[in-house]
Amino acid sequence: QRTGRSGSFDDTPSSLGPKILPYDAIVGGNKAIGAAIVAMKNAEKMNAEDDNVTDIDVAPTWADYILALFLASFGMVALCAGLVSIIMTG
């Protein structure tokens with residue numbers, strides 16, 4: 001069984017959270033430092049995986065061109081119908 005001196009920094013759990021030492025150090029010694037390093041490496045790995053995702057260019061098909069022509073012609077018909085309705089009501 002470990003016994004520590006009164007007032008010494010040890011890694012016993014606290015209900016108030018980890019003890020903060022000067023210069024943003026946290027009680028826990030080498031285990032805490034090692035855990036922080038592993039967490040940083042895992043975060044870097046996750047960011048690296050996100051950076052590797054690239055968009056793949058897909059060539060348009062004939063159906064895409066036909067759809068674009070249909071939408072453009074439908075828009076022109078709607079524009080003409082709108083202009084005619086404005087002119088006829090005036």
Side-chain angles (χ1 to χ4, degrees):
Q1 184 180 24
R2 287 182 18 196
T3 58
R5 295 180 300 173
S6 173
S8 67
F9 295 117
D10 59 345
D11 55 351
T12 57
S14 169
S15 63
L16 300 176
K19 295 179 184 177
I20 306 297
L21 298 175
Y23 307 110
D24 294 330
I26 297 177
V27 172
N30 291 337
K31 290 181 183 178
I33 293 170
I37 291 171
V38 169
M40 287 174 52
K41 296 246 184 209
N42 287 341
E44 289 174 4
K45 184 186 290 185
M46 293 300 288
N47 288 338
E49 289 175 2
D50 291 342
D51 292 340
N52 290 336
V53 175
T54 58
D55 292 333
I56 299 173
D57 291 335
V58 178
T61 62
W62 282 106
D64 295 329
Y65 287 114
I66 293 170
L67 178 65
L69 287 172
F70 170 75
L71 292 176
S73 60
F74 183 75
M76 292 301 291
V77 169
L79 175 70
C80 292
L83 289 175
V84 168
S85 71
I86 290 173
I87 292 171
M88 291 298 186
T89 58

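Everything numeric in this text was worked out from a predicted model, so none of it was measured.
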- How many angstroms lie between atom CG of L67 and atom OG1 of T61, to the nearest 0.5 angstrom? 9.5 Å
- With sequence neighbours left out, what residues match I37 under side-chain contact (heavy atoms from CB on, under 4.5 Å)? I33, K41
- Message: Applying side-chain contact (heavy atoms from CB on, under 4.5 Å), can you list everything that pairs with Y65, at least two apart in sequence or on another chain?
- Response: P60, W62
- List, by chain and number, the other hydrophobic cluster members for L79, where Ile, Leu, Val, Met, Phe, Trp and Tyr join if side-chain heavy atoms come within less than 4.5 Å, directly or indirectly. L83
- When Ile, Leu, Val, Met, Phe, Trp and Tyr are grouped by side-chain heavy atoms lying under 4.5 Å apart, directly or through other members, which residues fall in the same group as L69? none
- Message: Please enumerate all residues that pass side-chain contact (heavy atoms from CB on, under 4.5 Å) together with S73, with sequence neighbours excluded.
- Response: none
- Query: Using a side-chain heavy atom cutoff under 4.5 Å and only I, L, V, M, F, W and Y, what cluster partners does V77 have?
  - Reply: none
